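The structure appears right after this line, and notes come after that.
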Amino acid sequence: MAILETIGVEKRFGGLTANADINIQIEEGAITSIIGPNGAGKTTLFNILTGYYKPDRGEVHYLGQNITGWPVHKIVRKGIARSFQVLNIFNEIPVFENIRLAVQADQKKGFHFLKSTSKFRSINERAEEILDEIGLFRVKDVITKYLSYGDKRILEIGIALASRPRLLLMDEPTSGLPSSETERVKNFIKRISEKMTIVVIEHDMNVVLTISDNIIVLHQGRVIAQGSPQEIKANDQVQEAYLGGIV
Amino acid sequence: MKKRGTIVGFLAVALVAFFVLNWQPVAAAEKEVRLGVISPSSGNYADQGAAERRGITMAVEEINAKGGILGMKVRMIIEDTETDPAAAARKAKKLIERDKVHFMLGGISSSCAIAISEVAQRANVIYFNTNTNSDACTGKHAHRTNFRVGPSNHMLVFAIGPWLIKNIGKKWYFMTHDYSWGRSGTAVNRQILKKYGGTELGEALIPLGTRDFSSYLIKIRNLPTKPDVIMCTVGGVDLSAMLEQVHEFGMDKDYNFGFTLRDYPDVWAVGPEKNIGYFAVEWYHKLDAPGVKEFVARYKKRFPNASIPVPENCCYNGYIGARELLRAAQRAGTLETTPIIKALEGYTFSDNMKYNPTTIRSWDHQFIQDVFIGQAKKPEELKEDPTDFHKIIGYMKGEEVARTREENPVQLEPYR
Amino acid sequence: MAEFLSQLFNGLVLGLLFGVMALGFMMILGVMEVINFAHGALFALGAYFALTLQKVLGYWLALLISPLIVGVVGLVIEWTAVRRVYQKDPLFGLLMTFGLAMALEEVIRIVWGKIGYSIAAPKFVAGPVAIGFLWYSKYRLFMALLSLILLTAVWLFLEKTPYGAIIKAGVSDSEMVLALGKDLKRLRTLVFGFGASLAGIAGVIAGPMWSLKPTMGTDVLMPSFVVVVIGGIGSFWGAVIGGLIVGLSKSMSVLVWPRLSDLMMYFIMAIVLLLRPRGIMGEKSLLEQ
Amino acid sequence: MKIVRYMLHPMFIIFAVFLVAPIFIMRVGGMSLAIEVMIWAIFAVGYNILLGYTGLPSFGHGLFFGTGAYLCGLIQHHLIPGTWISILGSMLGCSIIAGILGFFLARKRGIYFALLTIAFTQLFFFIAFQWDSVTGGENGLMGIERYPLSIFGLFRIPIDGVLSYYYFVYAILVASIVVLWKIVHSPLGSVLYAIKQNEVRAKYLGYNTWMYKWVSLIISGLFAGLAGALYAMLQHGAFANPIHWTRSGDVVMMVLVGGGLTNFFGPVLGAAIFIALRDIVSTLTEHWYLFYGLLIVFIILFLPEGILGYLKVGQTSRKMISVEEKWSPSLSGGASDGHP
């Protein structure tokens, strides 16, 4: 069963069409990759799926419910989380606090205003658990901006995990990482995919082909191919439009 | 890093120096008379404030030259009201608490004066408000310790209004500055129309701070009946702008303008070309009254570089206010508040550079004095004396134009 | 009816002046993302320079030179102070220009004194003129013409010159300018100077109508704000249309309820905000949301 | 040892200083000034929730301060003459107004937010200035009293005197600072600070950021109303001028000078320095606006982090400074990909 489905989604910026007639289904429990050249409209699609943009046309259905036009926070609470291509974490506070904020949102404790944050034991314990899980417990008190790039990437994903998503959208989780680190992130994705559905935007074909169950190819705002890694590799149109001679 | 350290060090030293300079306790011994001068040197009325401070300075220096009062020199402590009542109240508190002034004077803006007098009354310190005209200062907001040196709106309007009805016409249109001073001016004007059987053709309420009067002037131009008099209660900067535009739209040629009050600096700003209409004047430096010439000469000697070369009404009121306040202390023989108030109440003085003596009315503390009716001179009439903008065409005695006790039923606080 | 038309006309004429004033304000806001509180003070400086210059050089040269001097003042301000706050918390730009506005106003008090002044309009446009039902001031017609010429010139500059294209790009996205590889630093300095001289020229034009006072800048700053909020940041036509709306609201409310003439523009602003939060002509930008 | 640690805590130092200050101030005079410092400190610390923690640069907070003063007077004149009721009424009224304006404001940020707050404060200024049957117009709303405090009808404590009013304001200052301190260190505070750093990220955590910004506006409005009411009682009057935009820089300067962007207690220091400086300079020279203006420029150029920020005081556990960063680091990558 498809956990997420789009029907004829279209988004324009001025005269430019970023997404046109996008019809995709994301299978529950699988890892789906979205690939395509720069400017193909991948991030725009993410922005639409998570409610940051409202599509000009079309609908987004999640678990059979029409969520088109919902505000971001509401969609997130429904179980869709997201990590960003450009690092999007809270830089000025300790690593622990980043995760704690996410757990706090998940437990809906944000409006408590007279009790110190340190008194919310369930939040703090859960945050430490997550830190342990993603292997950042050792740096939990470091101000985030002093983390290494790879750690920041992991933290970015860790924050997304804290909201216990059913569906996790990751925007280029390996971008800018050296190959050793890429491996680490790749394994990490594999590991968490056992618990949730994952959609990744990825450029590194090596990563894409090894982790994906399904691949969606975007080109100039349209879906030009969709299928298993083998099918995509064999697809002439994709070869021509995007993959070139890489594979 | 070193640069930063220097900056902070500099700041710290400056701060400490300021505190040391400023926060030294006032000398305990009563060796001087401290007069708090509280008037605007910034904001809308900055120039009027400067003018009244010149008058106050003259009075204080003249008295000090004669040995001061009660054997002590008078020292002025000047604070800026910023033409902002909240700031004025704060500065008044400062003068009372920290400088421990014996009395205060100044004002210009009625709203500042009301705020100051509220503070002064609570602290039981005499406050002379100079150059305010709102009826509220000696009406709704009258206080035992509060005296008003200049004439009230009521006095001004009852001087100019009947004259206009008699000599110009009965059909009036009002231009009202849309705040309490303006509205109270027009309200008194309406009384006059009622009393003398005139008709009102309408009213334009002009928001304070209006720079552009074109729409109002166009409206007047298109009135179905042409008004005999356009009666304006507009003041300050806005009046300068209005005179400018009345001239620009050529309305000065075919309409008669009346003004509740004309402050000399406003006309000085726009120049003789655009000076128009009939108006009430508090005092004028060309009055043919005893002492005026000498006063003008003293002013010119003392302030050779003043932006306005002759003393005008604000300066006059400042001078008279400061002089009478200090004289009263001399008469009372003390700096205590209540004896001075008693020495002031009902007191009459005739060296006031006006035609008739001025009386300080005991029940509302209004200075009852002559109010003059002026007419703007044509530019060619200014040839010999470029400062002589007005022609004084008449005057009213104070008691004829001031509110009666029935019209102004105030009850001052008991003596303390 | 005659009055209605007269007021309509008057509103449009005023609107043009507000447009010129707001355009400079908006360009600085758009390109630098700085709310220039000093815009009013620059307006006042324009008028005061003209006051001094016209005594020596006559009206026309004053009209020409005074805005240039104000432009130079703008350049100096930008170069010494304002450029240090770009890309920082918008609060800093706000406060910085706020402080500059105060200081400049006080400088005017120190140099020219606290009393008001009047600038004489040139003889050939002094006095009123009657055109049919409309009895109007010659100077204002002259001013309207001048404003129109100015607006056209700015429009041509924005549309037809490469610099204009960059400024327009900067208005919506300063990163884009960087991407174009142009010298953003110099561009900003120039735009600041240009915006300042627009304020200066508005001051010179307004001087003979409104008379001069040190506080004159503070009084005209607010209409510029409202024009920009109504018209929308980053749009030439937004500034023009916003200016006209504010001008009309001032003159037309005199017909209906004069007390409202000042409040009216704020009400219009509130309505525009309700219906179209980014202003009538404004484009969606990163500045909001 | 614990006691020593408590005693070195800035909160304790502030409370202690204000507690004993009258001993010195009574000698030289200037109690009103000291009271004013405390009132502005309440205002500034509350305002800093919005500015320093949520990162919303309001340049029109005089609106709430001035309105609070008016409400205090109006309640005294027309409803019940009492100190508590007028103060609580001002707080409630201002938070309601903040809530209503928040519907427009909370969707904005950065410079657009600032523009709108300026416009709203002007709107309120005109209303306050022109509606003189209610507000007293330019003359202000006079005759605001300090009624004796009555506690359950048992005691009557007069606060009309300078010293008694000082300690009344002091008690409120202490309470306000404690409450605000708690808010800042609560989950709510942590979310507000998260919004300042990265609003988009906060949204993607599932926070309804609009609602939080709205709440932050209400909190700051509430404390501004409280300060306004206290100020009205100090001055015995309420005036329109504090609402005017030309006065709106004051509270921002206090926050900035003290280092409010990096330190919770910065605004208290800022209020003290600002008010003392204004008082001194305006007495020394007629042209004090020049110095005030230049001082602002100087501070922005050389001390943008304020005094505490510069001295790096109290930035151990929670580093709050983000002024070097670009204002909206959010989604710039996403957006650039969105414009193919």
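Below, chains carry the letters A, B, ... as their sequence lines are ordered, and counting in each starts from 1. These figures come from a predicted structure and were not determined experimentally. All values below were derived from every heavy atom in this structure, side-chain atoms included, with hydrogens, water molecules and symmetry-related copies excluded.
Distance check, rounded to the nearest 0.5 Å: OG1 of A/T50 to NZ of D/K203 gives 10.5 Å. If you take CD1 on A/I80 and OH on D/Y204, they are separated by 10.0 Å, rounding to the nearest 0.5 Å. Separation of atoms CG (D/N198) and CZ (A/F84) is listed at 7.5 Å; rounding is to 0.5 Å. Atom-to-atom distance recorded for A/K109:NZ and D/S186:OG is 13.5 Å, nearest 0.5 angstrom. Taking CD1 from A/I159 and CZ from D/R201, the interatomic distance works out to 5.0 Å, rounded to the nearest 0.5 Å.
The candidate from A/D141, A/L114, A/L101 with the greatest count of non-hydrogen atom pairs under 4.5 Å with chain D is A/L101. Your options are A/V72, A/L45, A/D106, and the one with the most heavy-atom pairs under 4.5 Å with chain D is A/V72. The choice from A/I75, A/I123, A/T117 that makes the most heavy-atom pairs within less than 4.5 Å of chain D is A/T117. The residue among A/K119, A/K74, A/K115, A/K11 with the most heavy atom pairs within less than 4.5 Å of chain D is A/K115.
Residue A/K140 places its NZ atom among more than 12 non-hydrogen atoms of other residues, nucleotides or ligands, all under 6.0 Å distant. By the neighbour-count criterion of 12 heavy atoms within 6.0 Å, atom CZ of A/F113 is sparsely surrounded, having that number or fewer from other residues, nucleotides or ligands. With a 6.0 Å radius and a threshold of 12 heavy atoms from other residues, nucleotides or ligands, A/R57 has its CZ atom at or below the threshold.
D/Y207 pairs in a side-chain hydrogen bond (donor to acceptor under 3.5 Å, both in side chains) with only one of the listed residues (A/H73, A/Q104, A/K108, A/R77), which is A/Q104.
With a 4.5 Å cut-off on non-hydrogen atoms, A/A102 touches chain D through its backbone and its side chain both. Of the two parts of A/I89, only the backbone, made up of N, CA, C and O, holds a non-hydrogen atom closer than 4.5 Å to a non-hydrogen atom of chain D. For a residue to count as touching a neighbouring chain, one of its non-hydrogen atoms must lie under 4.5 Å from one of that chain's; by this rule A/Q107 does not touch chain D.
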Might you work through the side-chain contact (heavy atoms from CB on, under 4.5 Å) test for A/E97 and D/Y193, ending with a clear yes or no?
-> CA-CA 11 Å; A/E97 187 68 10; D/Y193 190 51; over 6 Å; no
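Of all heavy-atom pairs between D/Q197 and A/E92, the closest is OE1-N, 2.9 Å. Minimum interatomic distance between A/N88 and D/V200 (heavy atoms only, all atoms of both residues): ND2-CG1, 4.3 Å.
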